[in-house]
Amino acid sequence: MKVKTPVIGGICQSIRGRDKDRFYLIRLINADGTVGVVDGNFKKLASPKKKNLKHLRLLPEKAESIAAKFESGAMVYDSEIYSALKNYNTPRQEQKSESNDVKE
């Protein structure tokens with residue numbers, strides 16, 4: 001299923017730029033066709049990364065608890081976002097390091 005419209009709390013993957021293949025959580029939706037994304041590690045809630053929607057692949061998954069906090073105005077911590085995205089971002093890094101070990 002292909003998602004076409006971004007939602008706050010939705011999970012997305014960068015397909016262009018220096019951060020290619022990195023997963024983010026959508027924090028803000030701007031009227032100019034961009035979104036503010038955070039990952040709790042490199043891009044914190046205090047300074048979300050501005051990404052063009054053309055440079056993102058929107059996933060059907062959503063961090064429901066974090067999205068509810070965003071909408072209610074409750075306090076959200078970077079550690080919560082990092083934990084929600086840990087399963088997405090970590091396996092790719094481990095696979096790369098394992099493949100480097102095999103080549104040597």
Side-chain angles (χ1 to χ4, degrees):
M1 183 172 119
K2 196 170 190 178
V3 179
K4 296 185 183 207
T5 56
V7 292
I8 299 219
I11 298 173
C12 60
Q13 181 182 19
S14 174
I15 56 174
R16 297 272 195 278
R18 257 184 264 180
D19 59 347
K20 184 178 179 185
D21 294 331
R22 185 124 189 101
F23 288 89
Y24 292 103
L25 196 72
I26 298 174
R27 170 68 181 107
L28 303 167
I29 301 172
N30 301 320
D32 62 351
T34 62
V35 292
V37 294
V38 293
D39 69 355
N41 189 17
F42 299 111
K43 280 298 171 187
K44 309 256 183 194
L45 284 165
S47 60
K49 181 173 182 69
K50 187 175 180 181
K51 290 287 280 185
N52 192 324
L53 281 174
K54 294 188 292 187
H55 300 162
L56 292 173
R57 182 172 65 98
L58 303 174
L59 301 179
E61 291 91 16
K62 181 178 179 182
E64 297 290 340
S65 61
I66 296 173
K69 285 185 176 184
F70 281 150
E71 295 196 9
S72 70
M75 188 68 166
V76 179
Y77 297 98
D78 288 314
S79 58
E80 291 176 84
I81 294 171
Y82 180 77
S83 295
L85 296 174
K86 194 174 191 179
N87 293 333
Y88 293 96
N89 286 324
T90 305
R92 295 190 183 283
Q93 293 168 355
E94 289 176 0
Q95 288 174 356
K96 288 179 183 176
S97 65
E98 288 174 6
S99 64
N100 289 341
D101 292 340
V102 173
K103 290 179 183 177
E104 295 174 353

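Reckoned from all heavy atoms, side chains included, excluding hydrogens, waters and symmetry mates. Nothing here was measured: the structure is a model prediction, and the numbers come from that model.
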For K69, what residues pass the side-chain hydrogen bond (donor to acceptor under 3.5 Å, both in side chains) criterion, not counting sequence neighbours? E80

All pairs passing side-chain hydrogen bond (donor to acceptor under 3.5 Å, both in side chains) where residues 30-40 contributes a residue, at least two apart: R22-D39, N30-T34, D32-T34

Write down the atom of P6, the atom of L58, and the distance for their closest heavy-atom approach. N-CD1, 3.8 Å

Can you tell if the side chain of L45 reaches within under 4.5 Å of the side chain of R27, non-hydrogen atoms only? yes

By side-chain hydrogen bond (donor to acceptor under 3.5 Å, both in side chains) - contacts of K51 (at least two apart): S14, D19

Report whether L53 and F23 are members of the same hydrophobic cluster (ILVMFWY, side-chain heavy atoms less than 4.5 Å apart, transitive linking). yes

Beyond-backbone contact of N89 with F42, side-chain heavy atoms, under 4.5 angstrom: no

Indicate if I81 and I8 have the same hydrophobic cluster label, given that clusters are the connected sets of ILVMFWY residues with side-chain heavy-atom separations under 4.5 angstrom. yes

Can you list the residues that meet the side chain to side chain contact (heavy atoms under 4.5 Å, CB included) rule with P48, with sequence neighbours excluded? L28, V38

Would you check if D21 and Q13 make a side-chain contact, meaning some heavy-atom pair closer than 4.5 Å? yes

Listed pairs under 3.5 Å, donor-acceptor, residues 59-67 side chains, sequence neighbours left out:
none

State which residues pass side-chain hydrogen bond (donor to acceptor under 3.5 Å, both in side chains) with N41; sequence neighbours excluded, sorted by chain then number. none

What I'd like to find out is whether the side chain of L85 reaches to under 4.5 Å of the side chain of I11, using heavy atoms alone. yes

